[in-house]
Visitor: 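Structure in structure tokens, see below.
Quick note: numbers below take in every heavy atom, side chains included, and nothing from hydrogens, waters or symmetry partners. Since the structure is predicted, the reported quantities are computational estimates derived from the model, not experimental observations. Every chain is numbered from 1, with letters handed out A, B, ... down the list of sequences.
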Number of protein chains: 4
Amino acid sequence: MTARAPRADALRNRSRVLAAAEQVFVARGTSVSTEEVARAAGVGIGTVFRHFPTKATLIEAVFRERLRRFAEEADRLVESDDPGSAIWTFLSRVAEVAAGKQAWADAFTAADLHEALTPAREQLPRALGSLLVRAQAAGAIRLDVTVAELVALMLAVARVPDDLRPRLLAIVFDGLRPQP
Amino acid sequence: MTARAPRADALRNRSRVLAAAEQVFVARGTSVSTEEVARAAGVGIGTVFRHFPTKATLIEAVFRERLRRFAEEADRLVESDDPGSAIWTFLSRVAEVAAGKQAWADAFTAADLHEALTPAREQLPRALGSLLVRAQAAGAIRLDVTVAELVALMLAVARVPDDLRPRLLAIVFDGLRPQP
Amino acid sequence: MTARAPRADALRNRSRVLAAAEQVFVARGTSVSTEEVARAAGVGIGTVFRHFPTKATLIEAVFRERLRRFAEEADRLVESDDPGSAIWTFLSRVAEVAAGKQAWADAFTAADLHEALTPAREQLPRALGSLLVRAQAAGAIRLDVTVAELVALMLAVARVPDDLRPRLLAIVFDGLRPQP
Amino acid sequence: MTARAPRADALRNRSRVLAAAEQVFVARGTSVSTEEVARAAGVGIGTVFRHFPTKATLIEAVFRERLRRFAEEADRLVESDDPGSAIWTFLSRVAEVAAGKQAWADAFTAADLHEALTPAREQLPRALGSLLVRAQAAGAIRLDVTVAELVALMLAVARVPDDLRPRLLAIVFDGLRPQP
DNA sequence: GATGAATGAGAATTCATTCAT
DNA sequence: TATGAATGAATTCTCATTCAT
């Protein structure tokens with residue numbers, strides 16, 4: 001009478017769809033048809049819709065998965081000896097990855113950012129929070145900045161043309177340092 | 001034998017379509033159908049397509065018009081006695097207006113930003129350039145920043161959730177000040 | 001109380017439209033828009049519709065005009081000393097001209113062939129009839145063939161690919177000669 | 001691991017669409033909307049486009065199918081004891097069928113005739129070729145005529161008004177016989 | 001009479017979603 | 001479960017025709 005455990009092949013398909021969708025969305029935007037995602041995943045379109053009942057669901061899942069991996073990176077960086085540079089490393093990473101041919105940012109916008117960031121529900125804010133307090137303790141970053149603000153800033157910078165991003169990131173980082 | 005002037009009614013309709021499109025795009029994104037734009041303008045859909053032969057043309061026209069008005073504002077601010085605060089005023093204004101329910105930024109992205117900013121063709125870079133050099137002369141803004149970077153930064157900040165924008169703008173402005 | 005005579009400029013415009021339409025239709029088929037015909041004629045689209053109240057009317061007028069000129073050629077050939085070759089000359093001419101990049105035949109088909117050929121109303125059948133009886137009297141062409149059949153045959157051959165036409169015309173001419 | 005066979009229902013629908021399209025095109029020309037074809041086939045318009053991704057594809061498919069059936073008829077006639085009359089039978093049949101209210105010829109013209117007749121790709125030229133050489137051997141048809149010319153002639157005659165066709169066909173056939 | 005702007009009914013095509021196999 | 005065929009609403013764009021200027 002327990003809930004039946006998902007079959008192994010079903011789980012495998014879910015992952016394949018998710019991975020294919022990420023690739024395709026990054027390369028060509030979230031406006032590619034679901035059919036193309038299915039093709040890239042090597043499954044039928046019915047399978048995509050079985051796992052993700054609407055296209056929005058799929059986009060959001062891709063987004064959450066991306067955030068989850070960011071969180072993992074943050075978790076790893078928390079161990080770092082140099083909390084000051086750890087946070088800059090992480091923020092740069094978010095801005096760069098999220099840029100992905102302009103298309104990631106679309107996904108991030110399409111999905112509901114605030115919901116995805118609800119602290120109680122996601123591990124990213126927690127992990128990034130640790131990075132942040134350590135960096136603040138080390139005097140590397142201003143005290144009046146929050147996790148949500150950091151994420152929003154990085155996503156914003158992600159939308160910028162590739163050639164300008166490094167410069168703009170440097171400017172934003174200057175703004176994030178403790179001010180005189 | 002002079003080139004025939006456009007008819008008055010045609011000009012009026014062109015303006016109405018442009019205004020309606022701006023409103024609708026800002027309110028609901030550039031993905032609204034051309035039919036809806038026509039309805040909002042109170043003209044037939046054929047009229048929209050007569051003036052703007054593709055949807056992309058229409059989006060771009062709305063975008064250029066918006067830039068033109070920004071340029072006018074910049075021109076006015078150039079006269080200001082306080083060049084230091086003039087540029088912050090202008091940049092805030094761009095970020096706020098461009099925000100417009102997330103939808104402006106879409107338009108800005110859809111159209112080709114770089115092309116639209118080609119100095120020879122647009123007055124915005126020129127006007128903003130004047131604001132910039134004055135502010136730099138007044139020591140209000142760092143010397144190593146360019147017009148293109150400023151515009152890109154403001155459009156980036158425009159994509160941010162409304163409630164976070166003032167804070168993020170402050171941070172970015174701090175980063176734009178001459179650094180110690 | 002007499003019907004007002006058409007103004008000179010109106011007549012001139014009618015001719016210009018007709019000539020432009022013929023050119024454009026031959027070059028690109030009768031599916032080109034009326035707007036393009038107007039442009040080619042150097043008049044407004046309203047003028048086209050004033051002279052030819054529907055597109056079908058225009059196509060038919062172009063067709064009739066073409067037939068009229070064929071009739072003129074036939075009239076000229078009737079004077080010829082060699083009635084046997086005169087008819088072959090004329091028929092070849094019709095097949096070639098009507099071919100005009102495949103597009104004339106469209107026009108000929110679109111308009112109502114039978115109506116246009118109603119003997120009482122057109123001069124072509126009369127002129128071609130003269131050519132025919134002379135050629136028959138000279139023993140150059142079979143006696144059991146009619147004007148309508150000749151015209152239909154030539155229009156049919158007009159539809160054939162350019163490179164095949166001379167051969168097919170020769171075959172058809174053989175079939176038109178008095179049979180053993 | 002064999003290539004998956006097309007589903008039975010898909011094949012059935014493809015056939016229905018093709019049959020409906022043929023009927024509708026013959027009755028009312030290839031300019032009828034795809035929507036009407038779908039209605040006639042009793043399927044949704046999406047189904048038509050799934051099987052034939054553009055309208056041109058559909059027209060061409062109808063055309064090829066028709067050629068295929070002609071080829072079958074030719075194959076059957078090749079068995080005939082009387083090669084002389086077999087070819088006249090076949091040619092008459094092509095001219096009559098292709099006539100179909102003027103509309104077949106449109107289809108034949110719209111699709112690319114030459115390409116469709118490329119010997120290596122179609123069975124019609126081969127089958128008709130057999131008929132031809134046999135008829136030539138029997139002295140029923142002139143030696144200097146080719147398959148391509150025969151096909152072109154029949155399609156040309158197909159465009160002719162129904163009531164004139166038998167007579168014109170007779171004339172053309174006379175031209176095709178060995179000449180004195 | 002001439003002009004060309006406005007109109008709106010289609011037309012082809014796409015795509016998220018459903019459902020029979 | 002997986003598949004992919006079927007669906008049809010929605011979208012962009014065209015063009016014959018009308019009518020105000």
Visitor: Report yes if a side-chain nitrogen or oxygen of B:Thr47 is closer than 4.0 Å to either non-bridging phosphate oxygen (OP1 or OP2) of E:dA5; otherwise report no.
Guide: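 No, because none of the side-chain N or O atoms of B:Thr47 sits under 4.0 Å from OP1 or OP2 of E:dA5.
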
Visitor: Contact class for B:Thr34 vs. all strands (heavy atom < 4.0 Å): base, sugar-phosphate, or nothing?
Guide: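 The answer is sugar-phosphate, as B:Thr34 gets under 4.0 Å only of primed atoms, P, OP1 or OP2.
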
Visitor: Measuring from A:Phe52:CZ to A:Leu58:CG, what's the distance to the nearest 0.5 Å?
Guide: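 Answer rounded to 0.5 Å: 5.5 Å.
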
Visitor: In whole angstrom, give the distance that lies between atom CD of C:Glu35 and atom P of F:dC13.
Guide: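 Taking atom P of F:dC13 as the reference, CD of C:Glu35 is at 18 Å.
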
Visitor: Which is more 5' along DNA chain E, the nucleotide nearest A:Thr54 or the one nearest D:Lys55? Just name the residue.
Guide: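 In this pair, the answer is D:Lys55.
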
Visitor: Provide, to the nearest angstrom, the distance between the CZ atom belonging to B:Arg39 and the C1' atom belonging to F:dA10.
Guide: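 In whole Å, F:dA10 C1' lies 12 Å from B:Arg39 CZ.
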
Visitor: Given that both distances must come in under 3.5 Å, which nucleotide forms a Watson-Crick or G-U wobble pair with F:dA2?
Guide: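 Looking at the geometry, F:dA2 pairs with E:dT21.
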
Visitor: Has B:Arg66 got its NZ or CZ under 6.0 Å from the middle of the six-membered ring of B:Phe70, at an angle within 45 degrees of the ring axis?
Guide: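 Here B:Arg66 passes the 6.0 Å and 45° test against B:Phe70.
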
Visitor: Quick one: B:Phe49 CZ to E:dA6 C1', roughly how many Å, whole number?
Guide: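 Rounding to the nearest Å, CZ of B:Phe49 and C1' of E:dA6 are 15 Å apart.
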
Visitor: Name the residue closer to the 5' end of DNA chain F, choosing between D:Arg50 and B:Val32 according to the nucleotide with the nearest heavy atom.
Guide: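 Nearest-nucleotide comparison on DNA chain F picks D:Arg50.
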
Visitor: Can you measure A:Ile59 atom CD1 to E:dC15 atom P for me and round it to whole angstrom units?
Guide: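 Value for this atom pair: 13 Å.
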
Visitor: Could you check whether C:Ser33 gets within reach of a base, just the sugar-phosphate, or nothing at all, counting any heavy atom under 4.0 Å?
Guide: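 Sugar-phosphate, backbone atoms only, no base.
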
Visitor: When you match A:Asp9 and D:Asp9 each to their closest nucleotide on DNA chain F, which lands nearer the 5' end?
Guide: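 Result: A:Asp9.
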
Visitor: Quickly work out the B:Glu36 CD to F:dT11 P distance and round it to whole Å.
Guide: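 The distance from CD of B:Glu36 to P of F:dT11 comes to 7 Å, rounded to the nearest Å.
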
Visitor: Tell me the interatomic distance from D:Ile45, atom CD1, to F:dA5, atom C1', rounded to whole angstroms.
Guide: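 Whole-Å distance recorded here is 16 Å.
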
Visitor: Would you tell me if any nitrogen or oxygen in the side chain of A:Asn13 comes within less than 4.0 Å of OP1 or OP2 on F:dT1?
Guide: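 The answer is no; no side-chain N or O of A:Asn13 sits under 4.0 Å from OP1 or OP2.
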
Visitor: Whole angstrom is fine here: how far is it from CG in A:Leu58 over to C1' in E:dT17?
Guide: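 The answer, rounded to whole Å, is 14 Å.
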
Visitor: Identify whether NZ of Lys or CZ of Arg in A:Arg28 sits under 6.0 Å from the centre of the six-membered ring of A:Phe25 and within 45° of that ring's axis.
Guide: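 The answer is no, since A:Arg28 fails at least one limit relative to A:Phe25.
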
Visitor: Pick the nucleotide of DNA chain E nearest each of B:Gly42 and C:Gly44; which residue has the one closer to the 5' end?
Guide: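 On the 5' side of the pair lies C:Gly44.
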
Visitor: Which heavy atom in B:Ile45 sits nearest to a heavy atom in B:Ala38, and how many Å separate them?
Guide: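 Here B:Ile45 and B:Ala38 meet closest at CA-CB, 3.7 Å.
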
Visitor: Provide, to the nearest angstrom, the distance between the NE2 atom belonging to C:His51 and the P atom belonging to F:dT18.
Guide: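 These atoms are roughly 16 Å apart.
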
Visitor: Using a strict 4.0 Å threshold on nitrogen-to-oxygen distance, state whether B:Glu22 and B:Arg69 make a salt bridge.
Guide: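 B:Arg69 and B:Glu22: salt-bridged.
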
